[in-house]
Protein chains: 2
Amino acid sequence: MSGRYGRGPRWWDSNLRKHSCRITMPRQVILDVLSNEEQHLSAEDVFLKVHKKYPDIGLTTVYRTLNLLTQIGLVVRFDFGDGKARYELSSGPEKKGHHHHLVCTKCNRIIDYDDFIEEEEKLFGKIEKVLSEKYDFEITDHLVRFYGLCEECRSEIQESL
Amino acid sequence: MSGRYGRGPRWWDSNLRKHSCRITMPRQVILDVLSNEEQHLSAEDVFLKVHKKYPDIGLTTVYRTLNLLTQIGLVVRFDFGDGKARYELSSGPEKKGHHHHLVCTKCNRIIDYDDFIEEEEKLFGKIEKVLSEKYDFEITDHLVRFYGLCEECRSEIQESL
DNA sequence: TTTGATAATGAAAATCATTTTCAATAAATT
DNA sequence: AATTTATTGAAAATGATTTTCATTATCAAA
Ligand SMILES: [Mn+2]
Ligand SMILES: [Mn+2]
Ligand SMILES: [Zn+2]
Ligand SMILES: [Zn+2]
């Protein structure tokens with residue numbers, strides 16, 4: 001783990017500095033992986049991808065870094081119910097907009113969707129207002145998710161009949 | 001673990017039989033706990049309550065039973081993000097109606113609410129229809145949840161300022 | 001009611017994702 | 001370059017849940 005990380009400064013450097021976190025090689029590499037590759041990676045997924053190019057970066061550091069990035073808000077952590085947390089970049093140039101998820105209960109495939117977000121937000125705005133008064137509860141976030149069977153899993157079930 | 005379980009047959013006996021599960025003492029006791037006590041119990045919570053009256057029932061059996069009851073639909077399992085699964089009776093006489101949750105991110109308190117369920121369902125019905133076509137995904141269930149700070153936790157924060 | 005097949009149980013060990021510990025190392029500031 | 005201290009990696013620890021396996025209890029059949 002010596003030398004500086006290749007390419008120039010990144011858009012997230014300021015975020016790190018803002019929280020007085022050092023800009024280290026493992027952090028850069030992990031953020032690069034998160035911003036280039038597909039979403040919803042587990043810690044081990046991240047580790048594996050990182051490991052190919054930088055075999056000296058350990059799994060422990062991946063966990064620590066994902067926790068840090070989640071805390072400072074650069075990354076969002078999800079629990080889809082398969083026993084491992086999943087992570088997704090939350091902001092920046094390559095950011096995906098506000099979206100929710102379809103989760104296949106058979107193969108754990110995750111599908112992002114951003115349809116109806118407007119309508120959802122509108123209803124939730126109203127709900128949040130009423131609930132926070134009624135239950136004296138300050139709402140800061142919400143979770144909407146649909147579970148079911150993806151196309152592949154449905155056809156597998158068909159075949160087995 | 002000898003002798004039969006005290007009181008007469010229970011409403012859930014038929015559910016168990018339907019799935020060709022034996023009606024055992026541990027299962028009766030665990031179901032009794034779930035139907036009498038407060039909701040959102042962890043496996044260990046259930047074990048502790050069971051243990052007071054029936055010290056011979058093991059934690060392993062509690063886990064196994066909760067899994068079974070979840071599979072046959074008598075119990076619903078939740079992951080609120082504190083590392084342990086929580087369980088709630090899903091049907092029967094003492095059933096709570098369809099409801100969603102407010103989750104305190106500081107103390108993990110869970111508040112049930114059933115306001116706006118109608119409106120939610122109406123919107124979700126529409127969303128589900130469109131999404132299942134667009135993404136070729138058969139939706140079987142949904143999850144709505146609000147995160148935030150409960151009253152107690154807000155006042156604690158106030159005090160510490 | 002007794003019997004027999006086998007599903008269910010409990011204790012201990014195993015899993016598995018994640019966290020902690022701690023000595024070594026690297027990033028920022030001077 | 002020297003100093004300070006946050007960060008790192010390996011190994012061990014943790015903690016919830018599952019698996020294993022020998023023993024026991026349930027239930028249908030005789
Ligand atoms: Mn997503
Ligand atoms: Mn509830
Ligand atoms: Zn699937
Ligand atoms: Zn709280």
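Rounded to an integer number of Å, the gap from NZ of B:K84 to C1' of C:dC16 is 17 Å. Per the geometry, CG belonging to B:D56 stands 15 Å off C1' belonging to C:dA8, to the nearest Å. When the C1' atom of D:dT17 is taken as reference, atom CD of B:E44 falls 12 Å away, rounded to whole Å. Following rounding to the nearest Å, B:L59 (CG) and D:dT19 (C1') show an atom-to-atom distance of 14 Å. As rounded to whole Å, 19 Å separates atom C1' of C:dT18 from atom CZ of A:F78. Computed from coordinates, the B:M25 CE to C:dG10 C1' distance equals 13 Å when rounded to whole Å. In this structure, A:F47 atom CZ and D:dG9 atom P are separated by 9 Å, rounded to whole Å. Atom CG of B:L16 is separated from atom P of C:dA8 by 10 Å (rounded to the nearest Å).
B:S42 contributes no side-chain N or O that, together with a main-chain N or O of B:R86, makes up a donor-acceptor pair within less than 3.5 Å. Side-chain N or O atoms of A:D13 include one that pairs as donor or acceptor with a backbone N or O of A:R10 at under 3.5 Å. At least one donor-acceptor pair under 3.5 Å links the side chain of B:T140 to the backbone N or O of A:Y147.
By the rule that hydrophobic residues join a cluster once side-chain heavy atoms approach within less than 4.5 Å of another member, B:Y63 and B:F47 end up as members of one cluster.
In the set D:dT17, C:dA28, C:dA5, the nucleotide with an atom closest to the side chain of B:R22 is C:dA5. Listed candidates were D:dT7, D:dT17, D:dC27. Nearest to the side chain of A:C21 is D:dT7.
For the pair B:T60 and B:G83, both in contact range of DNA chain D, the more 5′-proximal nearest nucleotide belongs to B:G83.
Counting only N and O atoms by type, the side chains of B:D45 and B:H40 include no donor and acceptor under 3.5 Å apart.
Nearest heavy atoms, B:Q28 versus B:I23: NE2-CG2, 2.8 Å.
Results of the side chain to side chain contact (heavy atoms under 4.5 Å, CB included) test with A:W12 over A:L34, A:D32, A:L89 single out A:D32 as the only residue that passes.
At a non-hydrogen distance threshold of 4.0 Å, B:T61, B:R64 from residues 61-72 of chain B come into contact with DNA chain C.
Side-chain N/O atoms of A:R27 include one lying less than 4.0 angstrom from OP1 or OP2 on D:dT8. A sub-4.0 Å separation between OP1 or OP2 of C:dT9 and a side-chain N or O of B:T24 is present.
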